[in-house]
Amino acid sequence: MDVRRAISTSVPDRALSAAFNQNRGCFSVGLETGVCNFNGGFGLVQMLGTSQYMALVGGGKSPKFAINKAIIWDQEKGKVVTEISALEAVRNVQLNRQKIVVVLQHSARVYAFSKKPNLLHAYETADNQGGLCCLTNDQLVIPGRTSGQVQIVELATGNVSIIPAHSSALRALQVSPDGELLATASETGTLIRIFSTANCAKLAELRRGVDPATIFSLDFSPSSTLLACTSDKSTLHVFDVPHPRKPNSYKSNQQREAEGKWGFIGKLPMMPRVFSDVYSFASTTFESGDELVAGGIIPATQGNHASSPRPAKGLIGWIEENALIVVGTGYKCRWEKFMIGIGEDGKRTCYREGWKPYHGQS
């Protein structure tokens, strides 16, 4: 037996979470050893646009803050603006200029953004360990009280609309930049559904694949006419999506890919629906690393270990209409840039333009 001591016992730093700001111009990373000038782990670091405010939640082996607290931090003044405590671990925090939304495992709580935030509304949800939540200036989108359903809350009136999106539990939610579309995926991970947030009508059903998969992230392009998806298959898919106010864009793109994935086979009668479903017009691989965890989420709270409300890999952020970034967390954390272009066959394609490690890696 080799009893020699290791030359170095240091453990590589681990990124616990990553999150884009609202316009996808920046992303923040929560490390197990700290962030900014803090020492201590962070399971969530969420920016408010490019303002001085960010939401912080403790995480990792030595959390900087209690995992049941949402801390609003002012970077310019270097101090805590306010904090919100819960009776259980905070799964996610979303911000806008007027509201703070604290997501717990079975509820979402809406507070006024102030030095002494008062509770405005509380909404019961199905089990939401992943902290699914989308907040715009006008709407809050969270899981419904029944598994597979979605609640759309009008913040001005408090009115709630229910969408029976899937028959199994939700795995991903995303609202388009213009607030008019909602994309959903279930824990099965084969289908992505597109809904109108105005009337809750289903506009499209997109097939990621036939085999079940864990969806990591969904995100719309700036024009809200493209949707990107990542999963534990280490594949990035890009789809056309119909937009109520931009029908010509969708039709022209669909005509460009008129053959479809299966060509004339999809037009034959009595064929299984997988041959006629709408597939991505482009796909490629992204770096998922060798440290994927079950379900794509850092393990649930154990002692003082806080779960991460963000995907462990594959977080998508569109930076231009034809360019997007995919961010990974973990020990080998990096971000990769992908472009949408035209291939040699004249069809649209997606290719990786480059990648960069972050947090001081070489």
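All residue numbers refer to positions in the sequence shown, counting from 1. Remember, it's a predicted structure, so these values are computed and weren't measured experimentally.
- Tyr53 has its ring centre less than 6.0 Å from the ring centre of Phe113.
- Side-chain contact check for Val103 versus Val101: some heavy-atom pair is nearer than 4.5 Å.
- With hydrogens and angles ignored, the 3.5 Å screen pairs no side-chain donor or acceptor of Arg171 with any backbone N or O of Ala169.
- The backbone N or O of Ala86 sits less than 3.5 Å from a side-chain atom of Asn68, completing a donor-acceptor pair.
- Under the 3.5 Å distance criterion, the side-chain polar atoms of His243 are matched with a main-chain donor or acceptor of Arg245.
- No donor-acceptor distance shorter than 3.5 angstrom exists from the side chain of Glu154 to the backbone of Asn159, with no hydrogens or angles considered.
- Leu44 and Leu135 end up in different hydrophobic clusters when Ile, Leu, Val, Met, Phe, Trp and Tyr side chains are linked at under 4.5 Å.
- Checked for salt-bridge contact, Glu205 and Arg193 meet the test: a charged N lies under 4.0 Å from a carboxylate O.
- When all heavy atoms are compared, the tightest approach of Ser51 to Gln75 is O-NE2, 4.0 Å.
- Residues Ile152 and Leu140 do not share a hydrophobic cluster, defined by chaining ILVMFWY side chains whose heavy atoms lie under 4.5 Å apart.
- Panel note: side chain Ser176, backbone Leu181; a donor-acceptor pair is recorded below 3.5 Å.
- Cluster annotation: Val141 and Leu155 are assigned to distinct hydrophobic clusters (Ile/Leu/Val/Met/Phe/Trp/Tyr, side-chain heavy-atom contacts under 4.5 Å, transitive).
- When atom types are taken as modelled, the side chain of Thr188 and the backbone of Thr190 share no donor-acceptor pair closer than 3.5 angstrom.
- When the side chains of ILVMFWY residues are joined at heavy-atom separations under 4.5 Å, either directly or via intervening members, Leu236 and Phe281 end up in a single hydrophobic cluster.
- Under the 4.0 Å criterion applied to side-chain N and carboxylate O atoms, Lys313 and Asp232 are not assigned as salt-bridge partners.
- Expressed to the nearest 0.5 Å, how far OG of Ser85 lies from CG of Leu87 amounts to 9.0 Å.
- Here Thr146 contributes atom OG1 and Ile162 contributes atom CD1; the two are 8.0 Å apart, rounded to the nearest 0.5 Å.
- Residue Gly148 comes nearest to Leu170 through the heavy atom pair O-CD2, 3.8 Å, listed as atom of the first residue, atom of the second, then distance.
- Partner Val238 forms a side-chain contact (heavy atoms from CB on, under 4.5 Å) with one of Asn322, Thr349, Ile316, Ile340 and no other, that one being Ile340.
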